[in-house]
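In what follows, chains are A, B, ... by sequence order, proteins preceding strands, each numbered from 1.
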Amino acid sequence: MGNVGALLQNPAIWRGDRCARQLPGISTGFPALDAILPGGGWPQGALTEILFEQEGIGELQLVMPALARLSAAGHGLAWIAPPHVPYAPALTAFHIRLPRILIVRPKEDRDRLWAAEQALRCGACKGVLAWADGEDGQRLRRLQLAAGEGGGWGILYRPLHAADMPSPAVLRLSVERAGGGLKVHVLKRRGSAVAPIHLDLSSRVPN
Amino acid sequence: METKLWLSVYFPDWPLEMFFQGEAGIRPLVVAQAGGGAASIVACNTAARQLGLHPGMTVSAARALVDCLDVRVRDAEKERRSAANIAAWALQFTPVISLAVPQGMLLEVSGSLLLFGGLEGMAACIRKGLEDIGYRVLLASAPTPWAAWLFARAGKECLLTAAREAEAHLRRLPLGLLDQPAATVDALDAMGIRTLGDCLELPRDGVARRFGQELLDELDRALGRSPDPRVLFEPPVHFEDALEFPAEVWQADALLFAARRLFVLLEGLLKKRQCGVQHCTLTLFHEHHATTRLTIGMASPTRDIQRMLGILRERLGQTELPAPVQSMQLAARSIVPLEPRNLSLFPDAEQAAESWQLFLERLTARLGSEAIHGVGGCADHRPERAWCTVEPEAARELPGGESRPLWLLNPPQRIASKEGRPYWQGPLVLQSGPECIESGWWDGAGIARDYFVAEGRAGCRLWVYQDRRNARAWYLHGIFS
């Protein structure tokens, strides 16, 4: 191991970690998670995918501290076709500023990605949450481009079986419940692969 | 006295452009005017001209020559309204505009030349602006309005500023251009007097005796020897303008392109009056079908036509037309003052607010206002009434509780129970509770429930309750996502 360490000091060797162009990050509020994300947080101006099997394990709580920070800074948060009602008392408890929340419920499915794209592109919504089932990569690619244009943070919730599908998102996580907390697997990030981490959801740092 | 400079704008194809702007139709088309006996042709398009038709012909003669001739009747009221809209647009160049000439307008521009980069710059600006909305123009300038007008009418696009130079050019113009009876011009022509210069050489008293004072007056006005007061154009209070298509239109893109011309005129009027609009209506006319009305509503008053066109694009995408469109009309009735804004030292916040507004407008235009809302807190102990949907950005904030789930199921979902235990995708294990909520007896929607936090399949945490009034049935009311 010592030999490998010495070898890696060789300036002729480039490591994946360093080459990755880092997007500015929004701190996740969980130091353990920040440590493994390139840019030290959720990537701004890009799409983040969160894959989960069962709702109710804390998949929303994972993004709450960062959303709270964005809303406190006066940025809009757009929720495109959420599966249930985002409950105002709980949002307030997570320090989300309610006036910054915009819920969009298009009647037709095809308008959902359109609305998400508009939200990401407009630049005033710095956090955009969307839920997708079997969306194809081509249409998600448009979201990624729109996020790059508007500089916002796109969060796409997808079922776990979508892990096998190609995705344009720069960051893909899958989460599962483990021992009172969340086990976070990084499926894709800019840089080299990292081991899954265990996250205690109550360990978030206060804003 | 400060020297004046008049720029005249002449629309050579004006009667045709009333019916289609900029697009040369493929079918022969003439515009006719009923005057005295038979209707006669005032203007004809290229296709008609190639078939041997020319202005001055009677319509019956033209019909005898060309089979499928499209004859449109000149509409004086519509022409007057179009002229007013163009003049309103041109007010961005100068406040001194006169419409007292047929098929044209006169602008006094000496005061604003500097702003537009000199006479050439301004003429180029006006020409480009008008060509963009589909009008061919001839431009000329001179120190007097009448000289400028004569140059433009003669097709001499000269930009003159000095009186001496203008006089030299004027002398070479043919007499036929003057606003004099044909008999006068013919009589002078018979005497070998063909140009204005020839006429000016004649002794004044003799000319006055033979042809009347009017001829001398007109020459004097052109040369600036006598004053030429003009009635100034006043911008209209409302905006309304229409345009017809040479052929019926189905495509949204073509409609959008044509509508842009109307919006440019609207923008001109709004700019001049320092006003904006919050609503305007685009009406599409079909043959044998009721008209289609598209209302373009903005979140705040504006005069930014890109914004209006963006909304119109969405509205057109949503609308199903019953039939092809023959003509369209844009009307803006409520024009409101738009306060000029100070530029911000840190433009980011302002830009963000603006793009947020634009985003809301675009969403509303496509999805309808009912698809967009915010969430607010309400002071009620009943969980389903502790929140409400509100207008975007109008949310009330109340202190929340850590014990509440992020997702609320609306309405609560009845779940099964096995041996008195709740069951949802598997048996649920109650972790904390009960939290008894009993409230609302006063408005007939009272509840009495015991709430629990339960853990289910794969460790998911749920908010369930047991209804104490209804046989202790179990319900799922929230998810701690």
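In this structure, A:Y87 and B:W463 have tilted ring planes: the angle between them lies in the 30° to 60° band.
Counting non-hydrogen atoms of other residues, nucleotides and ligands closer than 6.0 Å to CH2 of B:W250 gives a total above 12. Environment of CZ in B:R313: sparse, with no more than 12 heavy atoms of neighbouring residues, nucleotides or ligands closer than 6.0 Å. No more than 12 heavy atoms of other residues, nucleotides or ligands lie within 6.0 Å of CZ in A:R141, so this atom counts as exposed by the packing criterion. Within 6.0 Å of the NE2 atom in B:H381, the count of heavy atoms belonging to other residues, nucleotides or ligands does not exceed 12. By the neighbour-count criterion of 12 heavy atoms within 6.0 Å, atom CD of B:E391 is sparsely surrounded, having that number or fewer from other residues, nucleotides or ligands.
The parts of A:Q118 that come within reach of chain B are both its backbone and its side chain, each placing non-hydrogen atoms under 4.5 angstrom from that chain. Residue contact with chain B, scored on non-hydrogen atoms closer than 4.5 Å, involves the backbone and the side chain of A:A119 alike. Neither the backbone nor the side chain of B:L462 has a heavy atom closer than 4.5 Å to any heavy atom of chain A.
Chain A is approached within less than 4.5 Å, heavy atom to heavy atom, by B:F359, B:L360, B:R362, B:L363, B:R366, B:L367 from residues 358-367 of chain B, ordered by number. Proximity to chain A among residues 423-430 of chain B is limited to B:W424, B:Q425, judged by heavy-atom separations below 4.5 angstrom. Residue-level contacts of residues 368-380 of chain B with chain A, in order of numbering, are B:E370, B:A371, B:I372, B:H373, B:G374, B:V375, B:G376, B:G377; threshold 4.5 Å between heavy atoms. Contact residues of residues 96-107 of chain A toward chain B are A:I96, A:R97, A:L98, A:P99, A:R100, A:I101, A:L102, A:I103, A:V104, A:R105, A:P106, A:K107 (heavy-atom distance under 4.5 Å).
Chosen from B:S481, B:G459, B:A458, the residue pairing most often with chain A at heavy-atom distances under 4.5 Å is B:S481. Residue with the most contacts toward chain A among B:L408, B:L409, B:I479: B:L408 (heavy-atom pairs, distance under 4.5 Å). Top candidate by heavy-atom pairs under 4.5 Å with chain B, chosen from A:G74, A:C125, A:G123, is A:C125.
To the nearest 0.5 Å, the span separating CD on A:E59 from SG on B:C460 amounts to 9.5 Å. Taken from CG in A:L201 to CZ in B:R461, the straight-line distance is 9.0 Å, to the nearest 0.5 Å. Between B:R396 atom CZ and A:T92 atom OG1 the span is 11.5 Å, to the nearest 0.5 Å.
You'll find the side chain of B:W387 stays beyond 4.5 Å of the side chain of A:P86, heavy atoms only. A:H84 places none of its side-chain heavy atoms less than 4.5 Å from the side chain of B:L406.
Nearest heavy-atom pair across A:A90 and B:P405 is CB-O, 3.1 Å.
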Show, in sequence, the C-alpha distance, side-chain angles and deciding distance for B:W407 and A:V85, and conclude whether the side chain to side chain contact (heavy atoms under 4.5 Å, CB included) test is met. CA-CA 5 Å; B:W407 286 141; A:V85 175; 5.9 Å; no
